[in-house]
Amino acid sequence: MRTSPELRRKLISVAVVSAALLTAAPASVAVAQESASARAAAVPADRTEAAPGTPAERLIVGYKSGATEAESNKAAAADAQAKGEKTGEDVDFQRRLGTGAALVELGTDPTRADVADVVAQYQADPQVAYVVPDRLNKPTAVTPNDTEYAKQWDLFESTAGMNVPAAWDTTTGTGVTVAVIDTGYVTHSDLAANIVGGYDFISDTAVSVDGNGRDSNPADPGDWYNDNECGQGIAASGSSWHGTHVAGTIAAATNNGKGVAGIAHGAKISPVRVLGKCGGYDSDIIDAITWASGGTVSGVPANTNVAKVINMSLGGGGACSSATQSAINGAVSRGTSVVVAAGNENQNVSNSSPANCNNVISVAATNRAGSRASYSNYGSLVDISAPGGETRTATANGILSTLNSGTKTPSSENYAYYQGTSMATPHVAGLAALVKSANSALTPAQIESAIKTNARALPGTCSGGCGAGLADAAKTVQAVKSGTSTGTTFSSTTAVAIPDNGAAVESPITVTGRSGNAPSALQVGVDITHTYRGDVVIDLVAPDGSAYRLKSAASDSADDVKTTYTVNASSESANGTWKLRVQDTAAQDTGTLNSWKLTF
């Protein structure tokens with residue numbers, strides 16, 4: 001068996017904190033239901049369109065076409081007063097609705113009988129088409145009945161949750177397929193309804209451990225290994241069921257009276273298996289990216305469940321290879337967003353692939369306090385942060401999702417807390433699915449921009465760079481639905497040559513028509529071709545001359561810099577001439593600044 005860990009890709013999650021079925025009694029989710037008070041008496045169902053016991057402090061009265069009260073507020077007010085006098089109650093016209101109906105308010109302390117009398121007066125009037133209570137509505141998707149939902153702080157807690165429930169009234173991800181490129185899928189009843197066909201891309205039977213090579217069955221047989229089996233000094237590990245945990249965060253069945261809620265529970269999951277014993281090869285991952293996004297892979301049937309979002313909670317060390325970058329570029333060109341874990345080494349993400357590739361959404365992990373998790377990678381190539389959990393303080397501070405209790409081979413389904421950038425990534429993949437569902441015309445670049453532009457500042461701390469901030473599902477979905485997600489963009493497409501080991505060059509953009517200061521999450525899009533990007537230093541220069549370092553020189557031998565940086569420019573005036581300053585700091589390689597842009 002080939003066991004060299006340098007050839008394999010490792011799962012990007014930290015440890016399984018608990019694989020036991022969660023048996024604690026589910027806590028109730030605190031969204032209070034307002035009770036009917038003495039001044040919110042019930043309208044009898046047989047007298048209106050309302051259900052029995054519907055509270056009513058106000059009534060909506062629709063007059064028939066041609067009635068004076070249908071056109072005149074004065075007439076509607078007089079009618080309300082007259083009906084009040086007949087019943088001995090206070091009935092006051094409040095305003096005209098957009099439909100033309102009249103809103104009338106009942107007295108300060110109406111009883112059930114009082115309301116019934118007023119309703120009867122309106123119904124007896126031949127000029128009235130209908131009378132219905134002005135009912136108090138509540139968000140329909142805030143409190144799913146999943147038994148473990150109260151433990152999913154990452155979705156709803158105000159401090160460091162991703163504000164997911166408030167997005168569900170707009171979209172749940174319907175119509176979008178998310179490919180989870182991972183360990184495959186082990187059967188789980190809280191996921192089954194949202195699973196569609198995938199594929200097993202593991203070609204090496206020593207890695208696949210399912211007795212065969214590539215096939216259409218992405219079932220996860222387990223990825224356990226013995227001491228030293230994956231490299232000298234590497235201790236034994238049980239099966240992780242990693243792909244199933246990731247999939248549950250994205251699209252676990254919701255409002256089904258059991259388990260956990262998925263962020264995009266209206267979406268579908270296509271399990272694409274690339275990770276087995278000791279990890280998985282780049283070659284398999286590259287084919288998986290291509291196939292999942294609708295590309296053609298020799299010897300593999302065409303994908304009938306093309307994904308518009310790919311989740312890759314995986315990675316390894318080193319620069320992004322040209323082969324992997326090519327696969328990612330192909331997926332994005334076909335309209336698929338690629339979301340990747342930043343890595344768990346507590347180091348600069350520039351050393352972790354594929355998170356350091358271009359055209360991906362690279363995700364760092366935050367803990368329950370909203371600070372960068374201690375293990376999470378960081379740096380200027382991080383695009384966004386999301387809850388990844390941190391269990392060193394408490395198990396429940398991890399991310400709860402679907403799992404299996406088997407230590408080697410599949411056993412009974414369960415739920416468990418994990419931590420890692422692997423757990424943060426499906427939060428953003430789920431959000432990307434919500435965004436795509438809310439506005440199907442958006443490109444991967446626009447989806448990334450929307451997520452970053454609508455992020456909120458981290459409530460905690462981050463050293464090293466955590467992207468645009470903490471992803472905010474409700475704000476992002478609302479923005480794309482209203483068409484305000486991408487902000488205002490100013491750009492320069494004038495190419496500027498970058499001399500070899502020479503003086504810095506600058507490209508200006510003049511911003512006008514803005515008010516006040518620049519945003520705290522100013523997006524700086526950069527397109528540079530260069531044969532050794534490690535030589536390149538990039539600064540954003542504000543109108544007052546203040547410089548913001550976007551990229552430093554590094555030992556990174558990959559080509560090109562095509563990415564979006566996020567800058568806290570809230571102390572700078574928005575209007576004025578901004579400059580991108582680029583310098584090549586070493587000999588033998590040159591490049592070109594093709595274009596750059598600022599998105600406010």
Side-chain angles (χ1 to χ4, degrees), residues 162-164 166-180 250-251 262-270 289 292-295 305-312 328-340 357-363 383-384 386 425-456 467-491 519 521-527 562-566 595 597-600:
M162 215 175 73
N163 197 15
V164 174
W168 287 336
D169 283 331
T170 301
T171 178
T172 61
T174 302
V176 178
T177 296
V178 181
V180 175
I250 297 170
I263 289 169
H265 52 265
K268 299 300 182 183
I269 296 291
S270 174
I289 294 169
S293 59
N305 298 294
V306 174
K308 288 304 177 185
V309 180
I310 286 174
N311 185 103
M312 290 200 293
I328 290 169
N329 291 347
V332 171
S333 72
R334 288 185 285 273
T336 301
S337 297
V338 181
V339 188
V340 182
C357 294
N358 295 320
N359 274 337
V360 303
I361 302 175
S362 181
V363 186
D383 293 301
I384 195 71
T425 305
H427 283 77
V428 176
L431 174 52
L434 293 178
V435 170
K436 185 67 174 179
S437 178
N439 188 337
S440 61
L442 294 180
T443 66
Q446 290 171 324
I447 291 172
E448 177 180 349
S449 177
I451 291 171
K452 293 161 73 170
T453 300
N454 292 287
R456 66 184 193 268
L470 182 64
D472 188 306
K475 185 179 177 184
T476 305
V477 167
Q478 182 179 14
V480 301
K481 196 68 175 176
S482 64
T484 61
S485 63
T486 55
T488 301
T489 299
F490 300 83
S491 60
L522 177 63
Q523 305 298 298
V524 186
V526 176
D527 183 345
K562 298 182 180 181
T563 190
T564 300
Y565 299 97
T566 301
S595 65
K597 60 184 179 180
L598 294 170
T599 301
F600 290 81

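Values in this document were obtained by computation on a predicted structure and should not be read as measured data. Along the sequence shown, the residues carry numbers beginning at 1. Just so it is clear, the values below take in all heavy atoms, side chains as well, and ignore hydrogens, waters and symmetry mates.
When all heavy atoms of Ser293 and Arg334 are compared, the closest pair comes out as OG-NH2, 3.0 Å. Among all heavy-atom pairs drawn from Ala167 and Val477, the shortest one is CB-CG2, 4.0 Å. Contact record, Ala292 with Ile310: CB-CD1, 4.1 Å, taken as the closest heavy-atom pair. Here the shortest heavy-atom pairing between Ala307 and Thr336 reads O-OG1, 2.7 Å. The minimum heavy-atom distance between Arg456 and Ala471, with the atom names listed, is NH1-O, 4.1 Å. The nearest pair of heavy atoms linking Lys562 to Asp527 is CE-OD1, 3.2 Å.
Between the side chain of Ser437 and the main chain of Leu434, no donor-acceptor pair closer than 3.5 Å is present. Checked by atom type and distance alone, the side chain of Lys436 never pairs as donor or acceptor with a backbone atom of Ser337 at under 3.5 Å. Listed for the Trp168 side chain is a donor-acceptor partner under 3.5 Å among the backbone atoms of Ile263. When atom types are taken as modelled, the side chain of Thr476 and the backbone of Asp472 share a donor-acceptor pair closer than 3.5 angstrom.
Atom OG1 in Thr170 sits 12.0 Å away from atom CG in Asn439 (nearest 0.5 Å). Expressed to the nearest 0.5 Å, how far CD of Gln523 lies from OG1 of Thr566 amounts to 4.0 Å. With rounding to the nearest 0.5 angstrom, the CD1 atom of Ile328 is 5.0 Å from the CD1 atom of Ile289. The structure places NZ of Lys597 at 6.0 Å from OG1 of Thr489, a figure rounded to the nearest 0.5 Å. Distance check, rounded to the nearest 0.5 Å: OG1 of Thr564 to CD1 of Ile384 gives 12.0 Å. For the atom pair NE2 of His265 and CD1 of Ile250, the computed distance is 14.0 Å after rounding to the nearest 0.5 Å.
Partner of Ile451 under the side chain to side chain contact (heavy atoms under 4.5 Å, CB included) criterion, chosen from Thr453, Ile447, Asn454: Ile447.
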Before giving the answer on side chain to side chain contact (heavy atoms under 4.5 Å, CB included), spell out for Val340 and Ser362 the whole-Å C-alpha distance, their side-chain angles and the decisive distance to 0.1 Å. CA-CA 5 Å; Val340 182; Ser362 181; 5.6 Å; no

Start with the C-alpha distance between Lys268 and Asn305, add both sets of side-chain angles, then the distance that settles side chain to side chain contact (heavy atoms under 4.5 Å, CB included), and finish with yes or no. CA-CA 9 Å; Lys268 299 300 182 183; Asn305 298 294; over 6 Å; no

Start with the C-alpha gap between Val339 and Val360, add the side-chain angles, then the distance that decides, and say whether side chain to side chain contact (heavy atoms under 4.5 Å, CB included) holds. CA-CA 6 Å; Val339 188; Val360 303; over 6 Å; no

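With a 4.5 Å cut-off on side-chain heavy atoms, Val338 and Asn359 do not count as touching. Residues Thr599 and Leu522 are not in side-chain contact: their nearest non-hydrogen atoms beyond the backbone lie 4.5 Å or more apart.
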